[in-house]
Amino acid sequence: MAENCTRKLIVEICNANNLMPKDGQGTASAYAIVDFAGQRRRTKTKFRDLNPVWDEKLEFLVHDIGSMTSEILEINLYNDKKIGKRSNFLGKIKLAGTVFVSAGAESLVYYSLEKRSVFSQVKGEIGVKIFYVDEEAAPTPAEQKEETAEEKPPEEEKPAEENKEEAPKEEEKPNPPPPESSNPQDAVAASTSETNPAPEEENNQPLANKEEPPTETAKDKAETGKSTELIINNLELRSLSGDHNRMGYDLVDPMPFLYVRVVKAKVANKEPACPLHAKIVIGTHSIKTKTQIDRDWDQVFAFDKEGLNSSSLEVSVWTEEGKNEEAPSSLVESCLGTVSFDLQEVPKRVPPDSPLAPQWYSLESESETGNDVMVAVWVGTQADEAFQEAWQSDSGGLIPETRAKVYLSPKLWYLRLTVIQTQDLQLHLVSEAKVRSPEIYVKALLGAQLFKTSRTQVGSAWNEDLVFVAAEPFEPFLVVKVEDASNGQSVGEVKIHVSSIDRRTDDKTEVKSRWFNLIGGENKPYAGRIHVRVCLEGGYHVLDEAAHVTSDVRATAKQLTKPPIGLLDVGIRGANNLLSVKTKDGPCGTTDAYVVAKYGPKWIRTRTILDRFNPRWNDQYTWDVYDPCTVLTIGVFDNGMYKGDKDVSIGKVHIRLSTLDTNKVYRNSYTLTVLSPDGAKKMGEIEIAIRFCCSSWLSLIQAYGSPMLPRMHHVSPLGPAQQDILRYTAMRIVTARLARSEPALGQEVVQFMLDSDTHVWSMRRSKANWFRVVGCLSRVASLVRWLDEIRTWVHPPTTVLVHGLLVAAVVCSHLVLPTIFMYAFLILALRLRYCRRIPYNVESRLSYVDVVSLDELDEEFDEFPTNKSSDTIRIRYDRLRVLASRVQTLLGDVAVQGERLEALFSWKDPRATGIFLVFCLFVSLLVYLVPLKVLVLGAGLYYIRHPRFRDDMPSLPINFFRRLPSLSDQIM
């Protein structure tokens with residue numbers, strides 16, 4: 001925290017809704033107590049109001065900016081009783097510091113009140129705004145005197161009277177907060193008066209001297225602004241870094257590396273402008289530093305120790321003389337000296353040890369003397385803090401495309417534009433026929449997204465919503481155009497600044513509508529006006545990946561984010577037996593593999609191991625987990641980007657966190673299978689270590705009872721078709737943003753990780769989904785088959801036993817449900833012994849990649865629109881028609897059964913409905929006269945009667961139902 005920067009947390013208690021009555025008269029007198037970092041504040045009491053409105057701002061001092069995200073803000077609501085009686089509890093909320101936003105980004109958020117204990121009677125919600133403000137702290141009196149003595153001449157000092165007037169202000173000190181107490185009313189008695197308290201004394205205790213600081217120089221202001229900016233950036237980035245590259249590597253194996261840090265050199269007999277470079281030689285490995293005139297390199301080189309073929313290290317310094325831009329071939333290098341190191345004597349360093357200090361070494365040379373080089377040499381692991389920025393021997397050195405990086409998906413919002421109506425439009429009328437009823441529509445554009453309203457006549461209202469996906473940083477303008485449907489000409493347009501659009505977090509926040517003037521062009525500055533309502537929806541989660549592999553379900557608004565329930569540690573250990581992807585120097589193949597892992601908005605990319613079929617990365621990362629029913633996606637790719645080609649996918653792994661035991665390490669190898677037009681091909685295996693840590697079992701269990709998506713998805717849901725359009729739009733935005741990173745994460749990589757092709761037609765997926773349905777229904781079919789075997793006495797002892805169970809169930813009907821659930825408990829407990837102990841992965845058998853034909857695979861990978869020949873398209877179309885005919889017949893059969901049941905009650909067949917009418921009367925009398933147990937027992941015994949008393953033909957009810965009419969005969 002900077003010495004001259006303070007941070008205040010502002011908590012605005014706005015209102016509460018639908019509180020629980022507590023005063024015995026159907027109302028409540030509510031007040032709020034807010035606790036943060038050992039500080040307590042209290043609002044006024046709103047008497048006899050179940051929907052109180054406070055609109056009070058409470059200020060808190062943030063003592064440590066760096067640890068603000070780990071603090072907890074607690075708001076308790078109480079019913080104010082008379083003095084001497086204990087206040088009744090109305091509810092509470094607890095908010096983590098991660099939801100605090102800076103001033104200007106706050107919005108009104110409603111939180112449901114929580115219970116204090118199991119027996120608490122609580123209902124309702126409270127609306128609050130929470131934000132923080134960074135201010136410059138007032139200097140101490142000693143600092144003021146020093147600045148006055150240094151910056152002001154003696155003749156410009158203030159008179160003695162002014163100094164006397166300022167003295168009391170400098171001596172003001174903040175009042176301490178009231179002491180805490182078990183009784184909320186007593187705890188705030190020091191700062192609250194029941195009669196008529198002053199707002200300043202009741203709400204906000206003075207936190208610090210609020211006098212304006214003395215005038216500062218430009219340099220001081222610049223340093224203050226820089227320090228504040230660095231503090232904010234560090235705070236924001238701390239939660240985003242989230243990897244264990246600097247903390248611990250307990251899930252992976254340590255990899256020894258030889259680190260050589262070349263800092264600078266001192267040359268005695270050379271001109272200062274003479275360029276120098278250092279050269280490092282270890283056996284056949286040779287690398288040199290950058291050539292610089294100032295002789296200050298400060299570069300770190302990391303050599304894989306297992307790949308070294310020498311026991312000595314040589315560091316030499318070379319000068320480049322005669323270097324001329326006009327004649328570069330005249331360059332002459334001369335060695336100024338060499339220093340050697342025995343690798344057996346190199347010290348070892350393992351974090352958290354402090355970095356090894358570089359030392360000066362004399363360069364040995366026959367012709368040069370007095371030359372020194374500053375070098376540090378040590379043996380470390382991949383956990384060393386110098387590893388990420390060092391030149392790495394196994395990843396091609398300092399090639400940007402082969403370095404390990406962490407990427408963040410852009411923050412996505414839904415932008416809702418409600419088009420209400422237009423007025424005073426200046427239309428371009430072409431003919432008299434179109435004057436009577438011209439039609440118009442509204443077209444809106446946000447970047448590459450374009451949506452249109454329906455057509456309507458001039459003067460009519462639309463009240464239609466157009467929803468876009470907006471990514472931070474936002475596009476500059478939302479363009480709204482009104483066009484004439486008759487001639488396609490633009491009537492006028494307006495540009496709305498996206499940064500000025502209001503934000504809301506729920507459906508209770510009212511967004512005001514606005515009128516905008518339409519501009520028709522240079523010759524027509526006014527073309528009418530349009531009435532719209534536009535806002536950024538922060539209460540939704542913008543879906544940017546396939547629904548079955550979603551890794552994040554949090555709302556966009558930071559204020560709605562709950563604290564994480566655990567941590568996910570992933571160790572990317574290595575890969576085994578990878579197949580060659582590309583050729584190198586002739587027929588020989590090679591693979592330059594790297595790994596990409598995605599969970600939530602965070603993407604990680606390991607370094608690329610060049611030309612190895614069994615690469616070892618041994619990198620470890622961590623993510624915050626907010627929902628256990630999410631999926632981690634890990635993909636392996638061959639790096640072709642550093643050579644100007646596209647990256648090629650090698651395989652992918654999906655791991656659902658709900659299948660993992662908490663606080664347990666899973667070390668497994670997963671098969672990598674890639675699907676291509678030539679068929680499925682096993683590309684090797686990837687070795688991964690995973691650990692899901694959960695600090696609170698209660699939070700984990702509660703997550704299973706909470707809805708998957710935020711509240712806005714349920715109170716104001718989007719349609720399925722609209723969700724699909726917005727999902728693929730979000731995928732394109734994420735792909736484009738990550739492709740613009742440095743180094744770029746290729747488009748083919750992002751699309752492969754997001755499963756962006758799940759909506760594409762595939763005969764293979766259709767078969768897989770069909771057999772999935774058959775597999776689910778097979779258990780029902782097995783039950784029906786077992787009942788039929790009981791009914792037909794295939795196994796007489798079992799049928800006799802069922803007779804006994806039926807009689808026992810009828811006689812002791814109160815034991816039926818307990819017996820069923822106890823049986824289910826015992827079955828599940830016994831199956832625990834046989835449950836799978838390794839996480840599930842992509843299965844080739846379930847995906848039907850082994851039995852699919854090449855033509856079906858070629859159709860799956862075909863582009864849209866297709867570029868195949870007409871004969872191929874005809875064959876595929878005929879095949880699709882055969883499949884569609886089967887589905888058509890199946891849907892018709894299902895519709896027939898429903899229509900027959902409907903015809904039974906609609907008198908479509910009067911005789912059949914009449915028979916059913918008499919049957920209903922007879923059954924009602926029978927049920928009234930005969931006890932229910934006797935009926936159930938009789939029906940059960942009749943169903944499982946012996947085959948001697950059974951007919952081979954269908955039963956009477958089935959024959960009757962099959963004769964009922966349907967609508968099939970009315971279809972052409």
Side-chain angles (χ1 to χ4, degrees), residues 450 543-550 648-649 651-652 654 673-682 718-732 735 747-748 750-781 842-900 966-972:
L450 187 150
L543 302 172
D544 61 346
E545 50 193 345
H548 62 281
V549 292
T550 182
V648 180
S649 59
K652 182 168 51 179
H654 293 308
T673 305
V674 65
L675 191 63
S676 66
D678 298 330
K681 188 176 183 181
K682 294 184 179 179
L718 302 173
Q722 189 178 25
Q723 277 192 357
D724 291 338
I725 294 174
L726 295 175
R727 177 187 288 114
Y728 300 126
T729 302
M731 286 182 180
R732 290 195 297 268
T735 301
Q747 176 181 355
E748 60 280 354
V750 178
Q751 292 180 352
F752 183 75
M753 294 289 292
L754 295 179
D755 280 351
S756 60
D757 59 344
T758 53
H759 66 288
V760 179
W761 161 255
S762 171
M763 181 67 73
R764 176 187 59 84
R765 287 200 187 98
S766 300
K767 291 181 178 179
N769 293 335
W770 168 256
F771 285 110
R772 285 170 58 194
V773 174
V774 172
C776 294
L777 297 178
S778 62
R779 294 171 177 81
V780 179
V842 178
E843 292 188 9
S844 301
R845 181 187 59 82
L846 186 62
S847 304
Y848 279 83
V849 296
D850 297 329
V851 296
V852 66
S853 65
L854 294 181
D855 183 64
E856 293 175 350
L857 284 176
D858 184 69
E859 180 185 12
E860 182 176 346
F861 285 91
D862 191 10
E863 299 179 353
F864 188 85
T866 182
N867 55 4
K868 301 297 181 180
S869 63
S870 58
D871 294 337
T872 303
I873 297 175
R874 185 180 297 107
I875 294 174
R876 294 175 179 176
Y877 177 66
D878 293 340
R879 182 176 60 201
L880 184 60
R881 289 176 62 189
V882 172
L883 178 63
S885 65
R886 296 176 183 173
V887 175
Q888 171 183 309
T889 304
L890 178 62
L891 294 177
D893 293 341
V894 173
V896 164
Q897 309 308 320
E899 290 167 356
R900 285 174 176 172
S966 66
L967 300 180
S968 300
D969 53 350
Q970 301 179 21
I971 297 179
M972 296 182 63

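Just so it is clear, the structure is predicted and the values come from calculations on it, not from any experiment.
Judged by distance alone, with hydrogens and angles left aside, the side-chain atoms of T550 form no donor-acceptor pair with the main-chain N or O of A547 at under 3.5 Å. Judged purely by atom type and a 3.5 angstrom limit, R764 uses its side chain to pair as donor or acceptor with the backbone of S847. Judged by distance alone, the side chain of E856 and the main-chain N or O of M763 form no donor-acceptor pair under 3.5 Å. A donor-acceptor contact shorter than 3.5 Å links the side chain of K652 to the backbone of F752.
In this structure, CZ on R727 lies 9.5 Å from CG on D544, to the nearest 0.5 angstrom. For the atom pair CZ (R772) and CZ (R765), the distance works out to 11.5 Å, reported to the nearest 0.5 Å. Here the OG atom belonging to S756 is positioned 4.0 Å from the CD atom belonging to Q751, to the nearest 0.5 angstrom. Between M753 atom CE and E748 atom CD the span is 13.0 Å, to the nearest 0.5 Å. Taking CH2 from W770 and CG from L883, the interatomic distance works out to 9.5 Å, rounded to the nearest 0.5 Å. With values rounded to the nearest 0.5 angstrom, T872 atom OG1 is found 10.5 Å from N867 atom CG.
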Evaluate the criterion side-chain contact (heavy atoms from CB on, under 4.5 Å) for residue pair D858 and R876; output intermediate values, then yes/no. CA-CA 11 Å; D858 184 69; R876 294 175 179 176; 2.4 Å; yes

What verdict does the salt bridge (Lys or Arg N to Asp or Glu O under 4.0 Å) test give for K868 and D855, after you've listed the backbone C-alpha separation in whole Å, the side-chain angles of each residue and the deciding distance to 0.1 Å? CA-CA 12 Å; K868 301 297 181 180; D855 183 64; over 6 Å; no

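Here the closest heavy-atom approach between residue G775 and residue R779 is recorded as O-NH1, 3.0 Å. Here the closest non-hydrogen pair linking L857 and P677 is CB-O, 4.0 Å. When all heavy atoms are compared, the tightest approach of R879 to E859 is NH2-OE1, 2.5 Å. Between G679 and L854, the shortest heavy-atom distance links the atoms N-CD2, 4.2 Å. When all heavy atoms of L967 and E899 are compared, the closest pair comes out as N-OE1, 2.8 Å.
Exactly one of L726, L543, L754 qualifies for a side chain to side chain contact (heavy atoms under 4.5 Å, CB included) with M731. That residue is L754.
Between the side chains of T735 and R732, not a single donor N or O lies within less than 3.5 Å of an accepting N or O.
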